[in-house]
Amino acid sequence: MAVLEVRVSAPYKLPGPKLPRERQSKRASCCTVTSRLQRELSSARARLSSARARLQREREREKQETQRRAKMMLAYMDHAAAAAEPDAGAEPAVAAFAAAMDFGGLVSARPAAVVRPASSDDVASAIRAAARTAHLTVAARGNGHSVAGQAMARGGLVLDMRALPRRMQLVVAPSGEKFADVPSGALWEEVLHWAVSKHGLAPASWTDYLRLTVGGTLSNGGVSGQSFRYGPQVSNVAQLEVVTGDGECHVCSRSADPDLFFAVLGGLGQFGVITRARIPLSPAPQTVRWTRVVYASFADYAADAEWLVTRPPHEAFDYVEGFAFVRSDDPVNGWPTVPIPDGAHFDASLLPANAGPVLYCLEVALYQRGGGGDGGGDDMDKRVGEMMRQLKYVRGLEFAAGVGYVDFLSRVNRVEDEARRNGSWAAPHPWLNLFISSRDIAAFDRAVLNGMLADGVDGPMLIYPMLKSKWDPATSVALPEGEIFYLVALLRFCRPYPDGGPPVDELVAQNNAIIDACRSNGYDYKMYFPSYHAQSDWSRHFGAKWSRFVDRKARYDPLAILAPGQNIFARTPSSVAAAAAAVIVMMVMMGMKRRDRDEHNDDDDDDDRVIVRYIWEGCKRGGFRFDGMDDVSRAVGPAAVARLCSRSCKRENERCKRFPALILFLLIPPGEIGMPFDGDTHLVSLLG
């Protein structure tokens with residue numbers, strides 16, 4: 001039987017019905033349309049992805065913009081400060097870390113940069129640079145002794161005022177009056193040694209702790225035991241050099257620009273940065289007769305203290321202070337803190353049987369000036385004896401010493417040295433300082449000192465009277481009503497928990513409870529070194545002075561650039577920064593809108609109006625108000641608007657490429673802060 005073998009080289013396809021030519025044409029057309037739609041969809045997705053990426057890049061650039069300018073300012077200021085004082089300042093990272101903390105140790109706020117100015121012009125340059133941004137703030141930092149972050153600027157610029165050259169100059173007026181012209185970053189300790197050792201002169205008013213800067217205490221008040229007689233430090237300054245929030249430098253006094261002069265004094269840094277001060281001088285005393293006496297009754301203590309501070313000058317002490325202490329032998333809170341000199345014996349058996357848990361020490365001093373009417377040591381002893389005999393202190397518990405004038409003013413340095421040795425200097429310091437009216441001080445003593453604080457605060461509890469008539473009401477300081485008011489300063493020196501005391505949170509809560517007690521009991525009080533977070537609290541603090549405080553802020557720092565750590569006013573973007581920030585975002589929308597238009601339709605005039613309108617709308621959304629689109633052009637600048645609307649940049653991609661540089665050009669013009677760039681090189685460097 002034969003077998004037929006068939007080999008097939010290719011798959012065999014049965015013939016199907018042949019499609020008509022029209023149907024074949026339609027099928028090919030559908031495939032073409034589908035392919036085109038797929039390509040358009042892919043293109044649309046790519047455009048959308050590109051737009052999203054571009055928007056993200058613009059957002060990132062906006063976030064990085066502040067840091068870039070801050071670093072440039074830092075490099076410039078570092079160079080300037082190093083040229084003036086080669087050994088001034090630490091590495092930038094170390095300086096920024098230090099500026100993020102203060103003596104209080106309760107708040108941390110890292111700045112974008114620390115600026116070490118070599119002159120008031122450098123301070124002005126830093127403020128002007130911050131004003132050209134939407135968010136940068138500026139804080140002046142002295143020796144870092146704020147206690148609640150008042151000298152910090154989170155993400156902003158901190159001015160290290162200690163970097164200012166500490167050149168002091170003796171100025172003699174035509175009338176013969178003598179003054180010390182000193183930089184605001186100088187410590188009062190430095191002023192003391194310079195004035196006494198070189199010229200035999202001294203300011204009249206001091207603080208108890210002298211390692212504070214001149215500008216720092218003048219921005220708050222500056223008080224001590226001399227304040228009742230000579231007034232606070234804000235009442236003992238003749239002239240100031242101030243850089244306001246617009247970056248302008250002013251020289252002001254009681255007769256020249258007095259509103260700025262008084263606004264800055266006690267103004268918490270809100271109206272300007274003090275760069276120099278002119279302090280009145282008088283012949284420095286040679287020796288001091290220093291006396292402490294003890295009271296078991298607060299009523300007797302307060303009556304004697306108020307009697308002493310209201311004596312006429314020829315019958316008055318030069319210094320009157322006082323403090324409360326615990327009735328125990330606790331070396332920190334009890335009677336071992338009273339005797340002078342150190343080592344003198346405190347005989348507790350002399351205390352009356354009805355003495356409470358808290359006792360009081362009245363501290364007075366009389367200065368001896370050579371060649372004057374004060375006479376010699378015998379005359380000083382006689383005057384002190386006459387005044388002390390009229391006081392109602394516990395007899396036998398008096399301690400006295402004769403010391404040099406500089407040693408007396410430097411007495412707190414020993415406290416600092418001991419605190420550094422035992423570690424409490426580096427621990428948090430939740431200090432509370434209050435001004436309390438004489439009307440309410442007895443009730444405060446009962447409720448707080450003998451109640452909440454009967455065991456002490458692990459540090460001094462100062463309480464002594466001052467006179468309101470020694471304070472100029474034109475300054476920004478808020479004071480209680482009535483002629484006599486008391487400083488109450490709870491100065492905790494805490495060792496780190498758990499070795500030395502309760503956690504810091506508990507101490508802060510106790511401070512808040514004290515303030516709540518003052519408020520709920522209706523005491524007439526004000527916080528000294530105030531720290532609030534709500535504007536309603538600030539309004540209550542300043543009382544009748546609040547409207548003037550707000551007006552002065554609008555006049556001297558309208559963008560609220562200065563002293564952000566006080567938490568009084570929120571930073572306001574400048575017109576240029578607001579417009580530029582709006583342009584960055586709105587140009588993405590412009591680019592997307594132009595894609596929907598015919599790419600061959602180049603109606604430039606209409607497009608220019610659209611650009612300005614977008615800027616205007618964006619600024620309005622950002623909270624900056626313009627009266628009209630013409631104001632936008634003025635804010636951004638005619639030359640910049642011309643560049644934005646340039647007919648040579650008709651394509652959206654070209655325009656978008658130019659925008660970042662143009663915006664940074666608006667914010668920091670070439671050469672404005674002394675950088676060695678100009679023209680396109682400057683812009684490229686800013687873009688990194």
Side-chain angles (χ1 to χ4, degrees), residues 66-103 108-133 136-146 149-168 182-191 211-219 241-245 247 249 269 272-277 561-565 668 671-676:
T66 296
Q67 283 76 7
R68 286 199 189 104
R69 284 194 304 276
K71 290 178 181 178
M72 293 170 61
M73 280 295 299
L74 178 62
Y76 167 69
M77 293 302 186
D78 280 347
H79 176 74
E85 189 172 278
D87 59 346
E91 291 298 322
V94 176
F97 178 80
M101 305 295 293
D102 63 11
F103 183 69
S108 177
R110 190 175 180 87
V114 176
V115 178
R116 292 189 283 271
S119 66
S120 57
D121 289 339
D122 288 345
V123 173
S125 294
I127 294 175
R128 286 198 298 268
R132 286 178 169 81
T133 71
L136 267 185
T137 54
V138 177
R141 184 179 194 270
N143 210 24
H145 271 265
S146 60
Q150 292 95 332
M152 296 181 188
R154 186 183 302 276
L157 301 180
V158 170
L159 302 174
D160 180 6
M161 304 306 289
R162 291 286 291 152
L164 288 172
R166 290 185 281 282
R167 293 188 292 269
M168 304 185 200
V182 300
S184 65
L187 302 182
W188 284 104
E189 181 179 57
E190 296 168 343
V191 175
R211 290 168 184 170
L212 305 173
T213 60
V214 172
T217 62
L218 293 180
S219 296
E241 182 183 68
V242 179
V243 179
T244 49
C249 189
V273 176
I274 300 173
T275 53
R276 289 193 71 80
I561 291 172
L562 302 176
I668 305 182
E672 177 62 30
I673 59 173
M675 299 303 295

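Since the model is a prediction, treat every value here as computed from it, not as a measurement.
- Thr137 places no side-chain N or O within donor-acceptor distance of the main-chain N or O of Gly156, the cut-off being under 3.5 Å.
- Counting heavy atoms from C-beta on, the side chains of Val182 and Glu190 never come closer than 4.5 Å.
- Shown here are the side-chain contact (heavy atoms from CB on, under 4.5 Å) partners of Arg154, two or more places apart in sequence or in another chain: Ala109.
- Of the residues Thr244, Asp122, Leu157, Leu562, the one that meets the side chain to side chain contact (heavy atoms under 4.5 Å, CB included) test with Ile127 is Leu562.
- A donor-acceptor pair is defined here as one N or O able to donate and one able to accept, closer than 3.5 Å; no such pair exists between the side chain of Arg141 and the backbone of Val158.
- In this structure, Pro183 and Arg167 approach most closely via the heavy-atom pair CD-O, 3.4 Å.
- For the pair Thr213 and Gly142, the tightest heavy-atom approach, listed with the atom from each and the gap, is CG2-CA, 3.6 Å.
- Residue Ala100 comes nearest to Arg110 through the heavy atom pair CB-CA, 3.6 Å, listed as atom of the first residue, atom of the second, then distance.
- Between Ala140 and Ala151, the shortest heavy-atom distance links the atoms O-CB, 3.7 Å.
- Shown here are the side-chain contact (heavy atoms from CB on, under 4.5 Å) partners of Ala130, two or more places apart in sequence or in another chain: Leu136, Val138, Ile561.
- The backbone N or O of Gly185 lies less than 3.5 Å from a partner atom in the side chain of Arg162, making a donor-acceptor pair.
- Residues meeting the side-chain contact (heavy atoms from CB on, under 4.5 Å) test with Thr217, sequence neighbours left out: Trp188, Thr207, Leu212, Gln233.
- Note: Thr275 OG1 to Glu241 CD = 3.5 Å, rounded to the nearest 0.5 Å.
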